[in-house]
Amino acid sequence: MQKLTGIAASSGVAIAKAFVHEEPDMTIELKEVQDPTSEVDRLYAALAKSKDELSVIKDKTEKDLGADKAEIFAAHLLVLSDPELVDAVKGKITDEKQNAEYALNEVATMFITMFENMDNEYMKERASDIRDVSKRVLGHLLGIQTQSLATISEETIIIAEDLTPSDTAQLNPVFIKGFATDIGGRTSHSAIMSRSLEIPAVVGAKEVTAQIHTGMTVIVDGLEGLVILDPTEDEIAAYTKKRDDFAKQKAEWAKLVNEQTTTKDGGHVELAANIGTPKDLEGVINNGAEGIGLYRTEFLYMGRTELPSEEEQFEAYKEVVERMEGKPVVIRTLDIGGDKELPYLDLPKEMNPFLGFRAIRLCLEEKEIFRTQLRALLRASAFGNLKIMFPMIATLDEFRQAKAMLLEEKDKLVADGSSVSDSIEIGMMVEIPSTAVAADLFAKEVDFFSIGTNDLIQYTMAADRMNERVSYLYQPYHPAILRLVKMVVDAAHNHGKWAGMCGEMAGDEVAIPLLLGLGLDEFSMSATSILPARNQLLELSKEELATFSSEMLSLDTAEEVEQRVRETYMK
Ligand code: PEP
Ligand code: MG
């Protein structure tokens with residue numbers, strides 16, 4: 001049996017014959033055009049055809065998958081009308097007498113390289129939007145018929161180098177049982193689409209197109225991130241069982257959608273979701289989240305050329321609190337810097353961006369940016385249960401300054417006659433070890449804590465969260481991390497406050513028993529982890545785990561902790 005390993009992008013198991021989706025040959029030659037005017041007309045005709053096609057795909061996606069999934073095609077339509085792109089291509093045709101294909105390819109490649117070189121996932125995705133759109137237009141200019149995945153009408157697994165949003169939008173889940181790609185990560189468009197279509201998928205498996213041919217039987221194991229080529233009868237039988245077991249498990253989880261989260265001993269914890277944009281709300285609602293534990297507002301500021309206005313922010317925050325219908329929504333103020341850059345702020349490059357001028361540090365300095373966001377948040381608070389938290393707090397003084405600015409803006413808004421809720425909770429993220437160690441000092445002044453383990457682990461272990469070579473030190477179950485979590489939870493409870501967690505650790509099945517035992521009140525995670533977590537908690541007793549977790553604090557290593565949790569609670 002040959003196995004290829006990739007990234008598990010969407011859970012489930014699929015077994016079917018492969019269809020290798022090949023890129024058509026788009027060789028482009030430079031030609032000197034004699035009549036630039038008619039060449040520009042040819043460009044416009046190809047743009048118009050592409051627009052028509054995209055409008056059809058957009059409407060179909062809206063109908064089949066919902067308005068939020070169709071937004072990507074609205075973005076693609078915008079690329080087609082973007083004067084920066086279209087005028088640059090036109091310029092090359094009229095000034096340099098280049099043929100339309102060549103000119104378009106040159107300009108698109110320039111934009112793609114620019115976006116790809118930005119150290120930021122979101123911007124990298126903009127590069128793939130331009131690649132997808134320009135390929136469509138080039139297809140028309142070159143007169144190439146692109147392969148349609150929409151016509152596949154038997155059970156199939158798609159194998160491709162990558163799948164563009166227009167490819168994934170054509171997939172009919174009745175026939176497309178799974179897919180595997182050479183490139184891509186968990187946050188690539190194809191991975192996101194596979195999760196919303198609930199099609200098992202493995203991305204970034206490097207050699208799938210080289211090793212698999214159309215007609216070969218393959219298995220996509222989206223639980224483990226494996227692609228199995230030409231399986232034996234026994235393997236097919238084993239994976240058929242795995243597929244059916246998973247389907248049964250999902251059906252069990254689905255029954256918990258409208259249930260409260262309860263533990264075996266009748267306790268309650270809150271399971272909330274992390275979101276990046278209002279577009280994520282559908283998944284949040286479908287997966288039965290009891291609130292939003294982290295709304296990362298920085299995405300509102302990214303992928304554009306200027307800061308979002310107060311009005312634009314107000315609309316986004318209002319939409320989220322309204323759609324959550326009174327459930328708590330914790331909105332984090334701007335956390336820019338580190339791996340999230342805003343090119344238009346033109347900040348100087350730093351030696352250690354994760355230890356540099358970011359998040360609350362930047363907001364306390366760039367006061368107008370911060371105050372605009374605070375006003376938008378305060379105004380939105382009148383429409384639901386909005387809570388505000390500040391990121392990357394290191395000292396009490398920072399928290400006090402941020403809170404004072406918030407209260408000043410509130411007073412001004414109220415004086416001007418705007419409605420603002422009077423019961424907004426104001427909290428902070430605990431992601432810098434100084435705040436965990438001195439949590440008792442902070443607990444007197446905050447309304448809540450939310451532990452950001454993604455950063456807290458990197459700062460505690462001095463191991464960059466983006467650096468593969470030191471990833472062995474990135475240890476969520478290390479007793480040092482567990483002790484910090486305990487300090488934060490205990491400090492909150494001693495002052496009558498609540499403590500949540502919004503780092504990835506909160507949705508991790510090994511961490512969940514430990515965190516429950518340490519007394520965590522709220523667990524905020526990606527929407528698709530909520531139902532499995534709710535199901536897991538049904539079997540866990542808070543009281544019993546309190547004793548177990550305190551024993552874990554004095555084990556020697558993260559490995560021992562993990563092993564003890566697995567053998568005691570995950571059989
Ligand atoms: C964290 O640090 O755990 C966190 C949730 O914030 P981010 O991942 O956005 O840095
Ligand atoms: Mg963080």
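Indexing begins at 1, ligand by ligand and atom by atom, following the structure's order. Any value given below was found using the heavy atoms of this structure, including those in side chains, with hydrogens, waters and symmetry copies removed.
Under the 30°/60° scheme for interplanar angles, the aromatic rings of Tyr317 and Tyr295 are found to stand perpendicular.
At least one heavy atom of Arg332 sits under 4.0 Å from some atom of ligand 1.
A salt bridge between Glu310 and Arg371 is absent, with no side-chain N of the basic residue lying under 4.0 Å from a carboxylate O of the acidic one. Between Asp455 and Arg358 there is a salt bridge, since a side-chain N of the basic residue sits under 4.0 Å from a carboxylate O of the acidic one. Salt-bridge check for Glu559 with Arg566: failed, with every basic side-chain N at 4.0 Å or more from each acidic carboxylate O. Salt bridge present: Arg534 and Glu290 bring a charged side-chain N and a carboxylate O closer than 4.0 Å.
Looking at Met501 against ligand 1, nothing comes within 4.0 Å, counting heavy atoms. For Glu504, no heavy-atom contact with ligand 1 is shorter than 4.0 Å. The part of Leu294 lying near ligand 1 is the side chain, judged by heavy-atom distances below 4.0 Å.
Considering backbone and side-chain atoms together, Arg358 places no N or O closer than 3.5 Å to any N or O of ligand 1. An N or O contact shorter than 3.5 Å links Asn454 to ligand 1 by distance.
At a cut-off of 2.8 Å, measuring from the Mg ion (ligand 2), the protein N, O or S atoms that fall short of it are Glu431 OE1, Asp455 OD2, waters left aside.
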Item to check | Candidate pair Met389 and Cys502, rule side chain to side chain contact (heavy atoms under 4.5 Å, CB included), full reasoning | outcome: CA-CA 12 Å; Met389 76 175 163; Cys502 59; 4.2 Å; yes

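Those atoms of ligand 1 that come under 4.0 Å of a heavy atom in Arg296, given as number and element, are 4 (C), 5 (C), 6 (O), 7 (P), 8 (O), 9 (O). Every atom of ligand 1 is numbered from 1 in the order shown, and the set under 4.0 Å from a heavy atom of Gly503 is 3 (O). Counting atoms of ligand 1 from 1 in the listed order, those under 4.0 Å from a heavy atom of Met429 are 4 (C), 5 (C).
Side-chain contact between Glu398 and Arg361 is present, with at least one heavy-atom pair separated by less than 4.5 Å. Here the side chains of Phe448 and Val330 are in contact, with some heavy-atom distance below 4.5 Å.
Put simply, the side chain of Asp521 never gets that close to the backbone of Trp498: no donor and acceptor are under 3.5 Å apart.
Open room surrounds CD on Glu325; 12 or fewer heavy atoms of other groups in view lie less than 6.0 Å from it.
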